[in-house]
Student: 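For reference, the structure I am asking about is given below.
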Amino acid sequence: MDEVGKFRPPTPIPGKGWSEFRHKGWTFVSRSHAPSVSHDCGEGAKFHAALGTHAPLPEMTYIGNFLELRLEECGFTLRFDTEGAMQSWAKRDHPGDGIPETDNPYGQHDWTMLTDYMGKEQMDKETKRAMLRTHKLIEAPGLGEFKQGGISIPEAKLREHGEIQYYDMVRLYEDELGDRGITNVTVKIRVMSDFFLILLRCYCRVDGHFVRLWDTRVFHEFGSSIILRDHQRRFADVNKACANARPSTASMVPHAVSDERYAMQPDIVYDNIQPNFVDRMLCKISV
C-alpha cells in the first residue's frame, strides 16, 4: 500500500509551481514544473551537460523540480531533486538484465533508467559545531547524516487516522523506454499533526519481462531527535508478478487479476511481492 498517497487532500499550490508549508518548526518547500521541452538547447542542454553523460535524457525530465525540508533550529536540510536522481542513474553501471537492446543509445548506462537516489541530507556546519560545544562533545556520529540504524518505521503510526496538514507530489523524470515499458521517479510527502512521511519511488516496468520497484520512505515524528529511512527493492519477472497478484476489489474477475497490465502496477507489486533488499538507516538531528 502506498502510505503517502492513501489519503490525498487537495493541497493548494501557489502560482509558478511553488508550494511552501510550515509546521512544528519545519519548512516544507516544493517546486513542480512541466517537463523540459528540449534537451538540446537552453535549460535542457545545460542540465544535460552538467550530468557528464552522452546518454539521452528521459523523455520527460522535470528540470528544477524538487522537494526540500528544513529544520531551522539545527540547520538540517533534506532535499530530493531531479538533478540528484539523474546523477545517481548516470553513475550506475549497466545491470545486464539480458533484455534485447537493439539500437541502444545508452552505452554502459542502464537503459531502464533506474536510480538508487535517496535524497541528500545536509546540516549547517556552524550550527552543528555550536551544538557540539553546547553539549561539550568533540563529535557525534550520525549527527546530520544517515547511518545504519536497524529501526523500522512504525507502521501502526502510519495507519492512525488524523487530519492531514499538507500533501504534495513532485515528478522528477519519466521515460517509456522506447515503447518497451516505463520508468518513472516521483517523490510524495504527507504531513500529519505529529509526523511526516516521504515516499521516493522509482518504478520500472519492461513489458513482457519484469518489474522493479525501489521505494525509499523517510519518517520523522515531530519532537524526536531522529529521522528514519527505509529503502526497499522489489523485483519480479512477468510470470511471478502475475502469479502473486491479488484482486484489489471483490468484483475483479480471475483473468483480469492475472493480466500483466494489472499485476505489474506499482501498488500491486508493493502489496504482493516481498522485497529482495531492505536497508534501514537513521539520522540524528539533535544530541
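For the single chain, residues carry numbers from 1 onward in sequence order.
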Student: Can you list the residues that meet the side-chain hydrogen bond (donor to acceptor under 3.5 Å, both in side chains) rule with R229, with sequence neighbours excluded?
Tutor: none

Student: So, does H220 use its side chain to make a donor-acceptor pair with the main chain of I226 at under 3.5 Å?
Tutor: yes

Student: Salt-bridge test for R180 and D175: reply yes if a basic N is under 4.0 Å from a carboxylate O, no otherwise.
Tutor: no

Student: Any side-chain heavy atom of I189 sitting closer than 4.5 Å to one from L67?
Tutor: yes

Student: Between L200 and V185, is the side-chain contact (heavy atoms from CB on, under 4.5 Å) condition met? List the steps.
Tutor: CA-CA 7 Å; L200 173 65; V185 181; 4.1 Å; yes

Student: Could you go through Y117 and W89, starting from their C-alpha distance and side-chain angles, then the distance that decides it, and tell me whether this counts as side-chain contact (heavy atoms from CB on, under 4.5 Å)?
Tutor: CA-CA 8 Å; Y117 179 63; W89 163 75; over 6 Å; no

Student: Give, for atom SG of C74 and atom CD1 of I285, the distance between the pair rounded to the nearest 0.5 Å.
Tutor: 5.5 Å

Student: Out of curiosity, R234 CZ to D271 CG, how far, rounded to the nearest 0.5 Å?
Tutor: 8.5 Å

Student: Please tabulate, for the side chains in residues 138-154, all donor-acceptor contacts under 3.5 angstrom to protein atoms that are two or more places apart in sequence or on a different chain.
Tutor:
unit_1 : atom_1 : unit_2 : atom_2 : d
Q148   : NE2    : D279   : OD1    : 3.0
S152   : OG     : R280   : NE     : 3.3

Student: Suppose we screen for salt bridge (charged side-chain N to carboxylate O under 4.0 Å, His left out). Which residues come up paired with D81, at least two apart in sequence or across chains?
Tutor: R79

Student: Looking at F210, I'd like to know if the NZ or CZ of R212 sits under 6.0 Å from its six-membered ring centre while staying within 45 degrees of the ring's axis.
Tutor: yes

Student: Below 4.5 Å, heavy atoms only, C-beta onward: do L57 and M86 meet side chain to side chain?
Tutor: yes

Student: Can you confirm whether I182 sits close enough to V206 that some side-chain heavy atom of one is under 4.5 Å from a side-chain heavy atom of the other?
Tutor: no

Student: Has T183 got a side-chain atom pairing as donor or acceptor with M113's backbone, closer than 3.5 angstrom?
Tutor: no

Student: Less than 6.0 Å separating the ring centroids of W18 and F66?
Tutor: yes

Student: For L78 and E68, run side-chain contact (heavy atoms from CB on, under 4.5 Å): C-alpha distance rounded to whole Å, both residues' side-chain angles, the deciding distance at 0.1 Å, then the answer.
Tutor: CA-CA 6 Å; L78 181 59; E68 184 174 281; over 6 Å; no

Student: Which atom names give the shortest non-hydrogen contact between M264 and V238, and what distance separates them?
Tutor: SD-CG2, 3.9 Å

Student: Donor-acceptor pair, Y262 side chain versus R246 backbone, under 3.5 Å?
Tutor: yes

Student: Let me confirm one number: the CZ-CD distance from R22 to E72, rounded to the nearest 0.5 Å.
Tutor: 6.5 Å

Student: Answer yes or no for R190 and Y167: cation-pi contact, defined as NZ/CZ to six-membered ring centre under 6.0 Å and angle to ring axis within 45°.
Tutor: no

Student: Checking the side chain of T115 only, and the main-chain atoms of A85 only, is there a donor and an acceptor separated by less than 3.5 Å?
Tutor: yes

Student: Would you call K157-D194 a salt bridge at under 4.0 Å N-O?
Tutor: yes

Student: On a heavy-atom basis, which atom in S286 and which in M131 lie closest, and how many Å separate them?
Tutor: CA-SD, 3.9 Å

Student: Report yes if some heavy atom in the side chain of F47 is under 4.5 Å from a heavy atom in the side chain of T61; otherwise report no.
Tutor: yes

Student: Do any N or O atoms from the side chain of E121 and from the backbone of F76 form a donor-acceptor pair under 3.5 angstrom?
Tutor: no

Student: side-chain contact (heavy atoms from CB on, under 4.5 Å), that's the test. Do Y203 and V211 meet it? Break it down for me.
Tutor: CA-CA 8 Å; Y203 168 69; V211 60; 3.5 Å; yes

Student: Donor-acceptor pair, Q232 side chain versus T216 backbone, under 3.5 Å?
Tutor: no

Student: Does the separation of the ring centres of F195 and F222 fall below 6.0 angstrom?
Tutor: no

Student: Minimum heavy-atom separation for L71 and G25, please, with both atom names.
Tutor: CD1-O, 3.4 Å

Student: Hey, any chance V278 and L213 share a hydrophobic cluster, counting ILVMFWY side chains that come within less than 4.5 Å of each other, even indirectly?
Tutor: no

Student: Provide the closest heavy-atom pair for L177 versus C204 in the form atom of the first, atom of the second, distance.
Tutor: CD1-SG, 4.4 Å

Student: Main chain of G84, side chain of S88: is a donor-acceptor contact present, judged purely on distance under 3.5 Å?
Tutor: yes

Student: Looking at K128 and E126, does any basic side-chain N land under 4.0 Å from a carboxylate oxygen?
Tutor: no

Student: Determine whether D230 and V218 make a side-chain contact, defined as any pair of heavy atoms from C-beta on separated by less than 4.5 Å.
Tutor: no

Student: Atom CD in E20, atom OH in Y166: separation rounded to 0.5 Å?
Tutor: 9.0 Å

Student: Does T186 form a side-chain hydrogen bond (donor to acceptor under 3.5 Å, both in side chains) with R201? I'd like the steps, not just the answer.
Tutor: CA-CA 6 Å; T186 59; R201 169 167 284 178; over 6 Å; no

Student: Side-chain contact, heavy-atom cut-off 4.5 Å: F21 with D168?
Tutor: no

Student: Is the backbone N or O of Y62 less than 3.5 Å from a side-chain atom of T82, with the two atoms forming a donor-acceptor pair by type?
Tutor: yes

Student: Once side-chain hydrogen bond (donor to acceptor under 3.5 Å, both in side chains) is applied, do any residues pair with D237, and if so which ones, sequence neighbours excluded?
Tutor: none

Student: Taking CZ in R171 as the centre, count heavy atoms belonging to other residues, nucleotides or ligands within less than 6.0 Å. Is the count above 12?
Tutor: no

Student: In Å, rounded to the nearest 0.5 Å, how long is the span from CG of L137 to CZ of R129?
Tutor: 15.0 Å

Student: Where is the tightest heavy-atom contact between M169 and K188, given as atom of each residue plus distance?
Tutor: CG-CG, 3.4 Å

Student: Check side-chain hydrogen bond (donor to acceptor under 3.5 Å, both in side chains) between Q265 and all other residues, then give those that pass, not counting sequence neighbours.
Tutor: none

Student: May I ask you to decide if H33's main-chain N or O and N65's side chain share a donor-acceptor pair within less than 3.5 Å?
Tutor: yes

Student: How many angstroms lie between CD in Q165 and OG in S193, if you round to the nearest 0.5 Å?
Tutor: 6.0 Å

Student: V170 and R31: which non-hydrogen atoms are nearest, and at how many Å?
Tutor: CG1-O, 3.7 Å

Student: Can you name the residues that form a side-chain hydrogen bond (donor to acceptor under 3.5 Å, both in side chains) with T127, not counting sequence neighbours?
Tutor: D124

Student: Using the rule that two of Ile, Leu, Val, Met, Phe, Trp, Tyr join whenever any of their side-chain heavy atoms come within less than 4.5 Å, decide whether M123 and M118 are in one cluster.
Tutor: no

Student: Taking the six-membered ring where the residue is Trp, are the ring centres of F235 and F277 under 6.0 Å apart?
Tutor: no

Student: Can you find a heavy atom in the side chain of I198 that is under 4.5 Å from one in the side chain of L69?
Tutor: yes

